[in-house]
Amino acid sequence: MEYFVKQGSVVREIWGKGDTILFIFAGASAEFALNKAVDWLYFTGRLPADPLGRLFTTVGYARQIVFSSMEGAHKAIDTMAKIHAGVEAKRGMAIPDWAYRDVLFMLIDYSIRSFELLERALTAPEKENVFEVFWRVGTRMGLQGLPDNYQAWLHMRQRHLEENLVPSHFTTDLYKQYRKHLGPIRYKLLLEGQKLIVPSTVRQQLGLYKWSALKPVLRVYKLSRHLRADWLIKSLILPPAYKNEIKELDVHPA
């Protein structure tokens with residue numbers, strides 16, 4: 001069987017671990033709140049209504065792509081494209097190409113940042129591998145203006161961060177929803193996690209301090225994984241209503 005992501009790829013390792021996924025979510029939740037196209041998320045109403053539910057839906061699609069056969073991954077990507085096309089039809093306007101690229105760029109960037117925060121520094125070929133996997137996702141979706149390689153992506157990513165982010169009333173409201181659905185303690189953990197994972201441009205626009213209270217805790221957490229107690233920490237981070245989803249965050253990539 002031909003897989004969309006080859007066996008042994010670091011992308012399978014990244015997306016097979018619940019803790020890296022949680023940090024990817026933390027980074028994306030911060031950046032989504034600042035994106036100039038965040039009004040599209042409010043048009044459907046799904047993200048502000050259930051941000052955690054959207055996390056697990058997104059994880060589901062990502063895993064369909066990362067761990068499926070070539071045919072299965074293409075089917076999942078085509079389904080995503082149809083969903084977005086339906087939203088565009090309902091609103092009577094197209095989602096800007098740069099907004100699609102922004103989402104793709106978040107997946108690349110936070111996949112790398114999360115793994116390096118929790119595991120080790122990635123090699124240049126591994127970073128190129130992460131880029132290449134999501135580049136193929138974007139190409140399959142028909143996205144225009146994608147960079148040709150990882151180095152070109154770095155420059156475009158920085159430009160997108162400088163040009164496509166701005167605090168707005170959507171930013172304020174989305175963070176209110178995060179607090180509402182997470183509760184005050186888990187919301188505080190989200191903010192501390194965001195400090196560790198987001199680029200400086202995002203951190204500055206959100207008014208987040210550089211130092212995070214989670215930094216000294218990470219060593220203890222990494223030890224807990226060796227003791228197989230990390231599932232308990234994950235259950236403390238996410239609400240009890242998502243108990244089954246929490247257990248399914250960790251997979252064993254082939």
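Count residues from 1 along the sequence.
What you find for A152 and D148 is that their closest heavy atoms are CB-N, 4.3 Å. Of all non-hydrogen atoms in Q205 and L161, the two that sit nearest each other are NE2-O, 4.5 Å. Taking all atoms of both residues into account, the shortest heavy-atom contact from N129 to S9 is OD1-OG, 2.6 Å. Across Q177 and P48, no two heavy atoms sit closer than the pair OE1-O, 3.2 Å. When all heavy atoms of A49 and H181 are compared, the pair lying nearest together is O-NE2, 2.8 Å. In this structure, I65 and A76 approach most closely via the heavy-atom pair CG1-CB, 4.1 Å.
Atoms CZ and CG, on R120 and L118 in that order, are 12.5 Å from each other to the nearest 0.5 Å. Taken to the nearest 0.5 Å, the CH2 atom of W40 stands 7.5 Å off from the OH atom of Y100. Expressed to the nearest 0.5 Å, how far CD of Q158 lies from OG1 of T201 amounts to 5.0 Å. For the atom pair CD1 (I108) and CZ (F134), the distance works out to 7.0 Å, reported to the nearest 0.5 Å. Rounded to the nearest 0.5 angstrom, F25 CZ and Y110 OH are separated by 12.5 Å. Between the CZ atom of R203 and the CG atom of L208 there is a distance of 8.0 Å, given to the nearest 0.5 Å.
Hydrophobic clustering, with ILVMFWY side chains joined whenever heavy atoms are under 4.5 angstrom apart, groups V103 together with M93. Cluster membership check: W98 does not share its hydrophobic cluster with M106, using side-chain heavy-atom separations under 4.5 Å among Ile, Leu, Val, Met, Phe, Trp and Tyr. When the side chains of ILVMFWY residues are joined at heavy-atom separations under 4.5 Å, either directly or via intervening members, M70 and I77 end up in a single hydrophobic cluster. By the rule that hydrophobic residues join a cluster once side-chain heavy atoms approach within less than 4.5 Å of another member, L41 and I83 end up as members of one cluster.
Ring geometry for F131 versus Y150: interplanar angle over 60°, hence perpendicular rather than tilted (30 to 60°). Ring orientation note: the planes of H160 and F105 are tilted relative to one another, at an angle of 30° to 60°.
Side chain of E192 to main chain of A213: a donor-acceptor pair is present (N/O by atom type, distance under 3.5 Å, no hydrogens or angles). Under the 3.5 Å distance criterion, the side-chain polar atoms of W135 are matched with a main-chain donor or acceptor of P147. A donor-acceptor pair is defined here as one N or O able to donate and one able to accept, closer than 3.5 Å; such a pair exists between the side chain of R101 and the backbone of Q144. Distance alone, capped at 3.5 Å, places no donor-acceptor pair between the S69 side chain and the M1 backbone. Side-chain atoms of E116 do not come within 3.5 Å of backbone N or O of A121 as any donor-acceptor pair.
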inquiry  = As a quick check of understanding, evaluate side-chain contact (heavy atoms from CB on, under 4.5 Å) for E31 and L34, giving each step before the final call.
reply    = CA-CA 5 Å; E31 197 166 322; L34 292 170; 5.7 Å; no
request  = Give the C-alpha distance, both sets of side-chain angles, the deciding distance and a yes or no for side-chain contact (heavy atoms from CB on, under 4.5 Å) between T57 and Y61.
outcome  = CA-CA 6 Å; T57 299; Y61 275 113; 3.9 Å; yes
task = List the steps and the verdict of side-chain contact (heavy atoms from CB on, under 4.5 Å) for L104 and L146.
result = CA-CA 10 Å; L104 198 70; L146 294 177; 3.9 Å; yes
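Comment: K75 does not engage E71 in a salt bridge, judged by the lack of any side-chain N to carboxylate O separation of less than 4.0 angstrom. A salt bridge between E162 and R159 is absent, with no side-chain N of the basic residue lying under 4.0 Å from a carboxylate O of the acidic one.
Counting only heavy atoms from C-beta outward, the side chains of F115 and E126 never approach each other to under 4.5 Å. Using a 4.5 Å cut-off on side-chain heavy atoms (C-beta onward), F43 and D39 make no contact. Under the 4.5 Å side-chain criterion, counting only non-hydrogen atoms from C-beta, N35 is not in contact with F170. Contact check for Q64 versus M80: no side-chain heavy atoms found under the 4.5 Å cut-off. Put simply, the side chain of L196 reaches to within 4.5 Å of the side chain of L218, judged on heavy atoms. At a threshold of 4.5 Å between non-hydrogen side-chain atoms, the residues L122 and I112 count as touching. Residues Q151 and L154 have side chains in contact (heavy-atom distance under 4.5 Å, counting atoms from C-beta outward). Between P96 and K36, every side-chain heavy-atom pair lies at or beyond the 4.5 Å cut-off.
Taking the ring centre of F4 as origin, the terminal cationic atom of R140 falls outside the region bounded by 6.0 Å and 45° from the ring axis. For the pair R91 and Y42, the cation-pi test (distance below 6.0 Å, angle within 45°) is failed.
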